[in-house]
There are 2 protein chains.
Amino acid sequence: MRRGEPDTAPNGRPDAPGGAATRPPSQADVAALAGVSSQTVSRVVSGRAKVEEATRRRVVDAMQILGYRANTAARALATGRFHTIGVLGFTFGAHGNARTLQAISEQAQDAGYSVTVMTVRRHTEGALREAVTALGDQAVDGIVLIDPQILDRPGLELPTGVPVVISDGNPDRRYPSVNNDQTAGARGAVDHLLGLGHRTVWHLAGPRDSYAAQQRAAAWHAALKAAGVPIPPIVYGDWSAQSGYEAGRAIATAGEATAVFAANDHMALGLMRALDDAGVSVPGDLSVVGFDDVAEAAFFKPPLTTVHYDFEQLGRECVSLLLRLIAEPSADARVAVAPTPLIVRGSTAPPPSRAGGSGRH
Amino acid sequence: MRRGEPDTAPNGRPDAPGGAATRPPSQADVAALAGVSSQTVSRVVSGRAKVEEATRRRVVDAMQILGYRANTAARALATGRFHTIGVLGFTFGAHGNARTLQAISEQAQDAGYSVTVMTVRRHTEGALREAVTALGDQAVDGIVLIDPQILDRPGLELPTGVPVVISDGNPDRRYPSVNNDQTAGARGAVDHLLGLGHRTVWHLAGPRDSYAAQQRAAAWHAALKAAGVPIPPIVYGDWSAQSGYEAGRAIATAGEATAVFAANDHMALGLMRALDDAGVSVPGDLSVVGFDDVAEAAFFKPPLTTVHYDFEQLGRECVSLLLRLIAEPSADARVAVAPTPLIVRGSTAPPPSRAGGSGRH
DNA sequence: ACACCGGACCGAAACGTTTCGGTAACGCGC
DNA sequence: GCGCGTTACCGAAACGTTTCGGTCCGGTGT
């Protein structure tokens with residue numbers, strides 16, 4: 001790593017085309033050109049201290065001429081801050097996570113932070129865990145955990161020493177979490193269906209290990225209980241349309257349900273498709289409510305009544321909270337939650353009248 | 001940043017609960033505990049040089065005891081390498097980009113690299129551009145450009161000195177690009193429809209500034225031309241289901257088309273919804289082919305015939321190529337492209353017979 | 001005139017790695 | 001027993017910032 005260049009610079013180093021890669025300009029180079037010391041350059045770039053206007057101009061000009069860019073690594077080494085937050089999850093390809101990540105990225109960028117994504121493989125054991133851990137620590141100032149069930153993996157330790165916030169996670173965990181009001185959303189869905197006259201509402205839940213799925217299921221259960229209506233068994237899916245389709249077949253075969261609340265829109269889509277295949281009309285014979293309000297939901301057939309979920313707000317709040325915790329580790333962890341309004345479209349209606357309702361099959 | 005601790009360490013610094021944040025262990029600490037010098041520790045962690053087994057054990061044990069983690073910033077400063085690649089795009093919330101990013105992240109992680117996402121706002125001018133640029137340079141060893149039309153933004157300069165690869169971009173640009181075989185996919189879609197007996201095929205294209213959209217449109221055009229059939233005017237959308245719906249209304253009103261090739265599945269969905277609203281049956285009156293093969297496409301009504309697109313392969317190839325270029329800037333830039341097979345489902349059929357076909361309204 | 005003060009700036013010491021150049025210790029052939 | 005190459009290690013110099021502790025200087029109150 002030595003420079004290896006003689007101090008008595010011989011006539012111009014070869015900057016010729018195809019020549020040696022020339023080292024990018026450093027603070028010291030700027031300082032030399034501007035005729036100041038390097039820490040004055042530092043003061044100018046950080047803007048944290050007084051610099052006389054004339055000096056400042058000279059420095060800025062020199063930076064311009066040389067095309068100076070601060071070296072992130074050196075800064076991080078000196079300050080101990082990376083100005084980077086890590087986002088840790090199973091996948092960023094899934095709809096909700098992708099939207100949340102985008103919001104996180106924008107919000108972080110506005111605050112001068114960059115975002116590193118760290119994915120942990122779902123079905124991976126052993127050594128890779130350590131790799132993830134090693135990746136995560138020391139290179140980020142804080143972490144947003146976007147798939148909180150990662151915490152359930154034995155042996156996966158999050159780096160200590162940096163704050164962690166959980167997106168859509170269980171609040172009684174060891175880390176602060178940010179949640180939209182899923183409970184209200186699920187309750188709104190159930191109440192809407194009951195209000196239409198359905199005797200009860202079935203639930204097509206997300207995977208058991210997902211906290212979001214758990215919370216939606218719990219709210220569904222509570223709403224039914226509060227209404228004093230019978231509580232059907234939960235049907236489980238894995239968020240995918242395929243799993244929704246399979247659940248739909250089962251529900252159609254059972255032939256009891258008149259209303260189903262699905263824990264996300266993709267499963268609702270598969271569900272509706274299965275019902276259609278089975279000759280059950282939506283919403284004539286059976287009403288369906290989704291969750292998420294994906295951009296495509298309005299164009300399903302029928303257009304899906306669903307709970308709107310604000311992933312963008314979720315991501316932004318995660319960043320805000322995390323930055324507060326980075327600045328002041330004991331900061332207040334309370335955050336505002338976004339509302340989850342029900343968007344009523346065409347997939348819900350009153351239950352079929354008694355006459356034609358029971359023998360439909 | 002000075003340590004400020006007396007060299008003659010007084011009896012045990014207070015590591016008491018709530019005590020001062022104690023500096024993480026450094027290489028030197030490990031070296032001291034193991035009774036070796038710090039560069040031997042370096043040799044052990046890098047594994048690049050011979051170390052006697054006994055020494056090696058002592059060092060490893062010491063690292064274990066102290067919970068040593070290498071400091072990324074210091075390493076980056078010393079080596080000039082960050083072991084990080086940046087992914088630059090307009091948004092990671094969109095379906096294709098999200099899947100590509102996920103694949104990039106996994107592939108990079110397997111190679112020991114981490115991934116930083118950098119988003120540039122679509123409708124933003126001026127100073128923010130510089131922010132993006134500043135963010136991008138010096139902190140990454142290479143860049144994957146996931147929304148190549150970013151290059152069309154005047155004034156946005158990519159950092160020089162690091163390799164850049166373009167995902168799904170125009171090959172005659174200044175950077176190497178990785179493309180799946182979009183042309184074959186689009187041609188397959190058109191040929192399928194023509195093979196079913198349609199006189200011609202309309203095209204619902206993606207936004208004009210998208211290279212992927214351009215390429216699909218060009219392939220559609222070429223396929224029609226090769227078949228010697230009339231070429232209808234292109235209808236443009238913006239990838240969204242909403243824009244597909246609007247296009248569908250126009251196409252239904254015109255009443256000429258019997259087959260439409262949509263440049264992605266979401267637009268195809270909106271299109272089908274508009275046709276349905278207009279009383280045009282799919283595929284009875286009009287056939288629709290999509291592009292992407294999103295997981296939900298099989299559950300649309302009708303199930304969508306579409307071109308399968310392998311975003312995962314795309315992302316992986318981008319990383320492979322980029323890592324080759326990082327290691328050897330003049331490396332061969334040729335990459336394998338993934339096939340784009342047509343998945344035939346229920347949204348395509350032969351055109352309506354002449355009798356009932358023309359007067360459908 | 002003098003001490004004093006604050007503003008603008010500088011010299012130099014960290015931050016924790018990697019790596020260059022060396023150096024003891026050791027085996028080996030002559 | 002002497003040179004010589006190897007092996008296993010170490011001392012110390014970078015890498016480019018930030019920041020501590022000063023210094024120089026021009027003003028101000030007495």
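By convention in this document, chain letters (A, B, ...) are assigned in the order of the sequence lines, proteins followed by strands, and residues within each chain are numbered from 1. The shown structure was predicted, so the numbers you read here are calculated from the model rather than taken from an experiment.
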Taking the side chain of [X] as its heavy atoms from C-beta onward, which of [options] lies nearest to it?
X	options	answer
A:L77	D:dC10, C:dC15, C:dC9	C:dC15
A:N71	C:dT17, D:dG16, D:dT19	D:dG16
A:R75	C:dC10, D:dT17, C:dC9	D:dT17
B:R43	D:dG16, D:dC10, C:dT17	D:dC10
A:A74	D:dG16, C:dC10, C:dT19	D:dG16
A:E52	D:dA8, C:dC15, C:dA8	C:dA8

[atom1] of [X] versus [atom2] of [N]: gap in Å, rounded?
X	N	atom1	atom2	value
B:M63	C:dT17	CE	C1'	14 Å
A:E53	C:dA8	CD	C1'	14 Å
B:Q39	C:dT23	CD	P	15 Å
B:F82	C:dG16	CZ	C1'	15 Å
B:R81	C:dT18	CZ	C1'	14 Å
A:H83	D:dT18	NE2	C1'	13 Å
A:K50	D:dC25	NZ	C1'	19 Å
A:R56	C:dG7	CZ	C1'	17 Å

Using side chain to side chain donor-acceptor pair (under 3.5 Å), reason through A:R316 and A:Q313 one step at a time and then give a plain yes or no. CA-CA 5 Å; A:R316 283 192 298 266; A:Q313 177 72 6; 3.0 Å; yes
So, does [X] get its side chain near the phosphate of [N], meaning an N or O under 4.0 Å from OP1 or OP2?
X	N	answer
B:S26	C:dG16	no
A:S37	C:dC9	no
A:T79	D:dT18	no
B:Q27	C:dT18	yes
B:S38	C:dG16	no

Any side-chain heavy atom of B:V144 sitting closer than 4.5 Å to one from B:T100?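 Not in contact.
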Do A:I85 and A:L322 have side chains that get closer than 4.5 Å, going by heavy atoms? yes
Tell me the salt bridge (charged side-chain N to carboxylate O under 4.0 Å, His left out) pairs involving residues 24-37 of chain A, sequence neighbours left out? A:R23-A:D29
Among side-chain atoms of A:S114 and A:T84, is any donor-acceptor pair under 3.5 angstrom? yes
Just to be sure I understand the rule, does B:T40 reach a base, reach only the sugar-phosphate, or reach nothing, if contact means heavy atoms closer than 4.0 Å? sugar-phosphate
Identify whether any heavy atom of A:T55 sits under 4.0 Å from a base atom; if not, whether one sits that close to sugar-phosphate; answer base, sugar-phosphate or nothing. sugar-phosphate
Only one of B:L325, B:I166, B:V164 forms a side-chain contact (heavy atoms from CB on, under 4.5 Å) with B:P176, so which one is it? B:L325
